[in-house]
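For reference, the structure I am asking about is given below.
Any value given below was found using the heavy atoms of this structure, including those in side chains, with hydrogens, waters and symmetry copies removed. For reference, positions follow the sequence shown, starting with 1.
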Amino acid sequence: MAMIGIDLGTTNSLVSVYRNGRAELLPNELGQYMTPSCVSLLEDGSLAVGAVAKERLITHPEQTVSAFKTWMGTEKTFSLGDKEFLPHELSAMVLKKLAQRARAALGEEIEEAVISVPAYFNDNQRCATRLAAQLAGLPVKRLINEPSAAALCYSAALGRREGKLLVVDFGGGTLDVSVVDCFENMVEILAIAGDNHLGGNDIDRAIADYFCRETGLNWDALTPSAQRQLLALAERGKVGLSGIRRGLLVFQDGDQNLSAPLDGKILASICKPVFERVRGVIVRAVRDSGIPVSAMDDMVLVGGSSQMEVFVDYLEQLFSKRPTLAARPEHMVALGVGLCVGIKQRSAELRDVVMTDVCPFSLGVATYNSQGDVNPHMAVLIPRSSILPARRAQQFYTLFPDQRRIRLEIYQGENYYAADNLRLGELTVAVPPDEPGSQWVQVIFAYDINGILEVTAESSSGDRKQTVILNPKLTLSEEELQQELARLNALPTQSEIGEEDQLLFAWAQRLFAELTGPRRQEAGYLLQRMQEAAQSGDPIRQAREREDARRRLEELERWAQWDVFEEPDDEEDEEE
Ligand code: ADP
Ligand code: MG
């Protein structure tokens, strides 16, 4: 029986284990550590999760979904063909795939999984993540905050050097910032802040908007497939700028070629509004930690989007200090979760490592100032940045003569008025009729290390109620759970055998969609050849075709990329 760690990302998901004295990533069936968090419904009614699905984003936009984690814990539905799914159901599909892979790689059943979540995930989002794990058949007892995992990984990589760190995790859909104090074997999270709707996806969209403005293209008039294609172009342009300094974005709209320049300066100005929001989040984390920026020993950048040079430059200007970009920024969280697994397993090397975390939001009860008060405010029991686990108690008194009940509404958030925060649930306890203010209820909030709240209320008459705050929509009865499992299991996951072929197929189809002229024809020809080889049932022929197809697709991919990014010299040639 094995224990695994999972970084369930908006863009990419990874699995790790702790063995041989270190955290290790497990490669997927395609030999890659990162599995795209994309799901696609295939023609035969099975599900593709990962690289194949990612290729299908452009060719089969109606059957394919991505970035659903951004909507975790909400009721936003995503359609795969004619079926609708909630974000946690799609996440369950990703988790299932990862677990299946881990089982195969380890040759063991999974006894337990630790999953990382954005520090800024609220109670709903955490419960939805747990439910996703449950639907994937993964026992999960521990959720760990992503930036805390990254900090753990970074401090371990440094040989546990002492110091105060600012960790910025800038991924595809979320931003997480934490201030961490490392000393000896302690990794103490001092403060966290974040934004669950801020990441590389926003930058892609901003570049696409810029492209539309420059070329007069109307975003809203584009088909879903064309929109995805434009976003993919924007992303490629963005990633390309990590290396090349100047380029041209070229997009084929019908039979006309549209183009707009993109270089570091333009990108910086496009990204400015996004970066300003990042700044706001960093400022909040730093302020909450009470440690001045000048006293930070290091600023560590993790997450795919932190590889943007313009981002590193922006932060350097902001802090008058060059931040450190982690060596493999996209692996840090998963490796940190792997370390957390090691700690849970009580591995010898990690026996003395202690990590403390804090709560990202304030938790409280709606309270009324007077009988006439119609808009209750928050009485905060656990302020944000309290060290976990946290436990606080407070008494609340009756307001009305002969009041029979005290109703407690529980909220999470920073706003003064309770209604402006996230409502987590309510409890009602009975009190004996009496004068106003003479009967009371004692409320105890217990917030565990997973960021999940338990509330106990006991009234002056001894009436006692207890609840783990779980969104009723996200907690299923045994029967509901079985129904839900049956619904998800009715969609078989694409078999691992042949995944490589499926990827080649999906890849060729995407290139067919993206390229034109003879290159498009070649993609079509490759598709036909692969299909014929598959039908022949001759494994040797299939293997040969596979190798050939891969080589030629790589070449076509270079063309597809080249179309997007012209070499900087070209531009200089044009200037006379
Ligand atoms: P998540 O944690 O949300 O799954 P990742 O940390 O894997 O995300 O980062 C994915 C994001 O990083 C995507 O938006 C992607 O476009 C962006 N990204 C990946 N590589 C680069 C790069 N070299 N330059 C800029 N952005 C990148
Ligand atoms: Mg991430």
Backbone N/O of A430 and side chain of S459: donor-acceptor pair under 3.5 Å: yes
Pair S362-E414, side-chain donor/acceptor within less than 3.5 Å: yes
Heavy atoms of other groups near R284 CZ, more than 12 under 6.0 Å: yes
Over 12 foreign heavy atoms within 6.0 Å of CZ, R487: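 Enclosed.
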Any donor-acceptor N or O pair under 3.5 Å, side chains N12, K54: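 Not at all, the side chains of N12 and K54 share no donor-acceptor pair under 3.5 Å.
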E43 CD: over 12 foreign heavy atoms closer than 6.0 Å: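 Yes, the 6.0 Å shell around CD holds more than 12 heavy atoms from other groups.
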Set of salt bridge (charged side-chain N to carboxylate O under 4.0 Å, His left out) partners for E109, sequence neighbours left out: R103
Pairing residues for Y120 by the ring pair (Phe, Tyr, Trp, His ring centres under 6.0 Å) criterion, not counting sequence neighbours: F361
Side-chain donor-acceptor contact under 3.5 Å, D44 with S46: yes
Between E84 and T77: side-chain donor-acceptor atoms closer than 3.5 Å: yes
No-hydrogen, no-angle side-chain donor-acceptor test under 3.5 Å, Q439 and D434: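 Yes.
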Residues that F170 engages under ring pair (Phe, Tyr, Trp, His ring centres under 6.0 Å), provided they are two or more places apart: F311
NZ/K141: more than 12 non-hydrogen atoms of other groups inside 6.0 Å: no
